[in-house]
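Here the structure is laid out as structure tokens; the discussion comes afterwards.
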Amino acid sequence: MSISEAIATARQRIDAASAARGRTESVTLELAVKTRTPEECREAARALADAGAPILLGHNRVQEARASAEAIREVAGARVHLIGPLQSNKINHALSCVDVIESLDSADLAAKIDARATGSLPVFVEVNVSGEPTKHGCAPCDVRPLVEAVAASSHLELAGFMTVGLNSPVEVDVRAAYARLRDLRDQAARDLGTGEDALALSMGMSRDLEWAVAEGATIVRLGTAIFGARRA
Ligand SMILES: *Cc1c(COP(=O)(O)O)cnc(C)c1O
């Protein structure tokens with residue numbers, strides 16, 4: 001299957017899941033491009049553009065984001081999100097090549113990014129809703145102080161919430177974790193006095209996008225469903 005065909009198939013899955021839930025707002029497909037070459041990233045960005053879709057690529061590693069930035073930016077309108085952990089010594093590099101940081105998970109990191117950012121930088125708070133020790137993201141109980149730190153910052157702008165879902169085949173368990181992120185988002189919207197629609201919900205991957213869409217995902221991040229198995 002070509003990347004274009006895989007994007008079309010994924011789009012059908014997303015739309016079918018939305019329709020099944022009676023959802024009318026659009027769900028954005030973000031391509032998770034870890035281990036893909038700059039050329040593959042550019043091809044994928046072009047395929048999204050040809051499909052008339054938002055051109056959104058998610059990078060796990062700042063290194064890879066930098067290496068492919070030039071290729072991706074050849075496609076007009078392409079946007080790059082950081083979806084993997086950000087180490088403080090990579091902040092400047094990240095700021096030079098990504099549009100949004102989806103992996104903000106501590107007030108300490110927020111302060112460090114804020115000190116280096118110029119202008120306005122959209123960030124998502126990443127939450128470890130499944131509680132699995134291998135997962136990144138802040139604990140649900142740390143969301144409120146982190147949201148407050150973002151609100152008090154000079155350059156960061158809260159744009160949404162992100163999670164890597166529970167690694168389980170059990171639908172109720174996976175969906176409960178996604179519902180948790182939605183509840184945290186709704187609470188933050190109330191605290192900030194903004195509409196829930198102003199805060200994205202980035203959740204769902206190749207194996208479970210239907211469950212994430214059912215729980216209100218506004219962005220799903222797909223890797224293997226688009227590119228096939230990952231390289232080591
Ligand atoms: C790899 C990755 C994805 C995509 O996972 P697939 O199972 O390949 O669809 C989504 N989000 C993050 C943070 C990832 O690292």
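Note that the numbering runs from 1 along the sequence shown for the chain. We count ligands from 1, going down the list as the structure has it; atoms in each ligand are counted the same way. Keep in mind it's a predicted model, so treat the numbers as computed, not measured.
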Atoms of ligand 1 close to [X] [distance to a heavy atom under 4.0 angstrom, numbered from 1]:
{"X": "Ile83", "result": "11 (N), 12 (C), 13 (C)"}
{"X": "Lys34", "result": "1 (C), 2 (C), 3 (C), 14 (C), 15 (O)"}
{"X": "Val164", "result": "13 (C)"}
{"X": "Asn60", "result": "14 (C), 15 (O)"}
{"X": "Ala32", "result": "3 (C), 4 (C)"}
{"X": "Thr224", "result": "6 (P), 7 (O), 8 (O), 9 (O)"}
{"X": "Leu222", "result": "9 (O)"}

| task | Begin with the C-alpha distance, continue with both residues' side-chain angles, and end with the deciding distance and a verdict on side-chain contact (heavy atoms from CB on, under 4.5 Å) for Thr28 and Thr218. | result | CA-CA 6 Å; Thr28 300; Thr218 64; over 6 Å; no
Can you confirm whether the side chains of Ser202 and His81 place a donor and an acceptor under 3.5 Å from each other?
no
Quiz item: Distance only, no hydrogens: is a donor on one side chain within 3.5 Å (strictly under) of an acceptor on the other, for Ser96 and Arg66?
Solution: no
Can you tell if the side chain of Gln187 reaches within under 4.5 Å of the side chain of Arg144, non-hydrogen atoms only? yes
request  = Establish whether Leu158 and Phe124 are linked, either directly or via other cluster members, by ILVMFWY side-chain heavy-atom contacts under 4.5 Å.
outcome  = no
Check your understanding: Is the shortest distance from a Lys or Arg side-chain nitrogen in Arg73 or Asp99 to a carboxylate oxygen in the other one below 4.0 Å?
Key -> yes
_Note: Arg46-Asp50 ion pair, threshold 4.0 Å (strictly below)_ = no
Ranked by distance from atom 11 (N) of ligand 1, the top protein heavy atom is Arg221 NE, 2.9 Å
heavy-atom search around atom 10 (C) of ligand 1 in the protein gives Met205 SD, 3.2 Å
- Message: I want to know if ligand 1 touches Arg207 in the polar sense, i.e. an N/O pair below 3.5 angstrom.
- Response: no
_Regarding ligand 1, does Gly223 bring an N or O atom to under 3.5 Å of one of the ligand's N or O atoms?_
yes
Note: Ser206, heavy atoms under 4.0 Å from ligand 1, region reported as both
Only one of Arg23, Arg180, Arg175 passes salt bridge (Lys or Arg N to Asp or Glu O under 4.0 Å) with Glu215, and that residue is Arg175
